[in-house]
Amino acid sequence: MPDHKIAACVLGATGPVGQKLVALLARHPLFELVALAASPRSAGKVYGEAVHWLDPAPLPEMAAALRLQAAVPPLPGNVVFSALDSETAREVEPLFAAAGVPVFSNASAFRTDPHVPIIVPEVNPQHLALIDSQGFGPGFIVTNPNCSVAGLVLALKPLADTFGVEAVQVTTLQALSGAGYPGVAALDALGNVIPFIAGEEEKIEQEPAKILGEVVDGQVQLHPLRISAQANRVPVLDGHLLSVSVKLSRTAALAQVRECLQSFRGAAVSQSLPSSPPTPIQLLEDPLHPQPRRASEAGGGMAVRIGRLRRCPVLDVRFVLLVHNTLRGAAGGALLNAELAVAAGLLQRPRVSDGAKAVELAW
Ligand code: NAP
């Protein structure tokens with residue numbers, strides 16, 4: 001770990017995810033917030049006046065006083081956290097990587113790029129090695145998954161390692177904060193369920209295969225599991241609830257599945273990162289839980305809660321999983337990845353841009 005804080009910049013600082021990044025970075029042991037950027041509409045304004053602050057905790061004073069900049073390099077900071085919409089991220093993130101800055105992105109723009117890892121430190125920290133083959137420049141881009149996937153893979157990883165996972169059926173009930181700000185109009189959201197979220201089912205069906213895949217000869221071999229997803233927007237503030245059924249490769253007693261989920265701690269390197277929850281999965285016995293209103297209580301919003309674990313009469317087992325979408329599913333996930341990169345020694349020394357020297361992970 002570095003003996004001084006690493007200067008950090010947030011792109012897309014005014015959206016719900018950017019705001020969470022600002023709140024988390026304002027009290028982070030490894031990173032120091034030095035710059036904020038947003039769209040040309042906001043650039044030039046003082047953050048405290050431009051932002052419609054959503055977090056229950058007050059806007060940190062040091063951030064409120066920063067002047068928003070345009071999201072183009074160079075900006076102050078040695079690492080960039082991106083909370084840009086995907087279209088803007090596709091243009092802007094490679095510019096920062098080309099300028100030598102590591103980018104930790106919440107956007108989906110590069111998640112399907114074979115050279116860009118989608119990282120969940122407990123699940124696939126070794127995928128960081130993929131940045132070696134990126135052609136962006138001396139910097140690199142690391143992504144965190146779609147907000148539902150960030151929770152789902154934490155449950156699938158121990159099941160896949162222990163019993164094998166063949167197929168997953170998942171129905172999501174997704175919070176309004178997942179739609180950005182101002183997001184879904186109140187007249188559509190209130191007292192209602194919207195049974196469609198553009199692009200969401202595709203991400204839930206595709207991203208886990210990459211995250212659970214093996215890196216062989218510098219490429220991810222996709223995990224062969226099949227996923228069927230149905231996504232719904234519900235009038236909840238924060239916290240996505242997922243009803244999940246899983247077909248396992250090997251027969252397992254329910255008690256074995258419970259033990260497998262409960263004892264999951266994740267890859268060793270993930271366990272000592274500053275934002276890691278004490279246990280990535282909290283298993284609940286009360287059939288009335290998990291509930292979204294409690295999402296941020298679980299390991300500071302970084303643990304998932306699983307309840308209603310029972311047999312599935314069609315597949316093998318089923319359960320309900322709760323993930324905090326803007327913490328574990330977005331800002332907290334990006335920060336955890338940057339902490340992992342620090343642990344791997346990737347944020348302290350300049351990287352070789354010609355690919356001649358393979359990335360060495362320090363753990
Ligand atoms: P959002 O509310 O749409 O915020 C987007 C941010 O990008 C705002 O700060 C906006 O600034 C800025 N922006 C827009 N156009 C820009 C441009 N041309 N140049 C520079 N900046 C520009 O989005 P969000 O919900 O916070 O999500 C951010 C990203 O994280 C998205 O890619 C989203 O898909 C992803 N994500 C979100 C969640 C979630 O739960 N919300 C979870 C996982 C991943 P202005 O205020 O100036 O317009």
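Predicted model, so just to flag it, every value in this text is computed and none were measured. Indexing begins at 1, ligand by ligand and atom by atom, following the structure's order.
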Original post:
Where's the contact between A43 and ligand 1, heavy-atom distance under 4.0 Å: side chain, backbone, both or neither?
Top reply: neither

Original post:
Would you say atom 25 (O) of ligand 1 touches the protein, meaning some protein heavy atom is under 4.0 Å from it?
Top reply: yes

Original post:
Is atom 19 (N) of ligand 1 in close reach of the protein, with a heavy atom under 4.0 Å away?
Top reply: yes

Original post:
Can E166 and R250 be counted as an ion pair, charged N to O under 4.0 angstrom?
Top reply: no

Original post:
At what distance is the nearest protein heavy atom to atom 35 (C) of ligand 1, and which residue and atom is it?
Top reply: N106 O, 3.4 Å

Subject >> Distance (rounded to the nearest 0.5 Å) between L241 CG and T172 OG1 >> reply: 9.5 Å

Original post:
Any heavy atom of S108 sitting closer than 4.0 Å to ligand 1?
Top reply: no

**OP:** Taking side-chain contact (heavy atoms from CB on, under 4.5 Å) as the test, write out the residues that go with V234, two or more places apart.
**Re:** L173, V193, V236

Original post:
Should you measure from each heavy atom of G15, which atoms of ligand 1 turn up under 4.0 Å away?
Top reply: 2 (O), 4 (O), 8 (C), 9 (O), 26 (O)

**OP:** State whether the side chain of S245 and the backbone N or O of R318 hold a donor-acceptor pair below 3.5 Å, judged by distance alone.
**Re:** no

Original post:
Do you reckon F81 sits in the same ILVMFWY cluster as I131, going by side-chain contacts under 4.5 Å, direct or chained?
Top reply: yes

Original post:
Cation over ring, R90 on F110, under 6.0 Å and within 45°?
Top reply: yes

**OP:** Please determine if N325 has a nitrogen or oxygen closer than 3.5 Å to a nitrogen or oxygen of ligand 1.
**Re:** yes

**OP:** Would you check the N or O atoms of V17, main chain and side chain alike, for any that come under 3.5 Å of an N or O of ligand 1?
**Re:** yes

Original post:
Of all the atoms in ligand 1, which lie at a distance below 4.0 Å from a heavy atom belonging to T326?
Top reply: 40 (O)

**OP:** Check whether any side-chain heavy atom of L159 lies under 4.5 Å from a side-chain heavy atom of L261, and answer yes or no.
**Re:** yes

Original post:
For ligand 1, is there an N or O atom under 3.5 Å from any N or O atom of L84?
Top reply: yes

**OP:** With rounding to the nearest 0.5 Å, note down the distance linking CG in L75 to CG in L11.
**Re:** 6.5 Å

Original post:
For L222, what residues pass the side-chain contact (heavy atoms from CB on, under 4.5 Å) criterion, not counting sequence neighbours?
Top reply: A209, K210, V220

**OP:** May I ask you to check if ligand 1 and P16 share an N or O to N or O distance below 3.5 Å?
**Re:** yes

**OP:** Side-chain contact test, heavy atoms from C-beta onward, threshold under 4.5 Å: evaluate it for S276 versus M302 and give yes or no.
**Re:** no

Subject >> Contact bool for atom 33 (C) of ligand 1 (protein heavy atom, d < 4.0 Å) >> reply: no

**OP:** Would you mind running through ligand 1 and noting each atom that sits below 4.0 Å from a heavy atom of G329?
**Re:** 42 (C), 43 (C)

Original post:
Should you measure from each heavy atom of T88, which atoms of ligand 1 turn up under 4.0 Å away?
Top reply: 15 (N), 16 (C), 17 (C), 18 (N), 19 (N), 20 (C)

**OP:** Show which atoms of ligand 1 fall inside a sub-4.0 Å distance from at least one heavy-atom site of S177.
**Re:** 39 (C), 40 (O), 41 (N)

Original post:
For ligand 1, is any non-hydrogen atom under 4.0 Å from A150's backbone (N, CA, C, O), its side chain (CB onward), both, or neither?
Top reply: neither

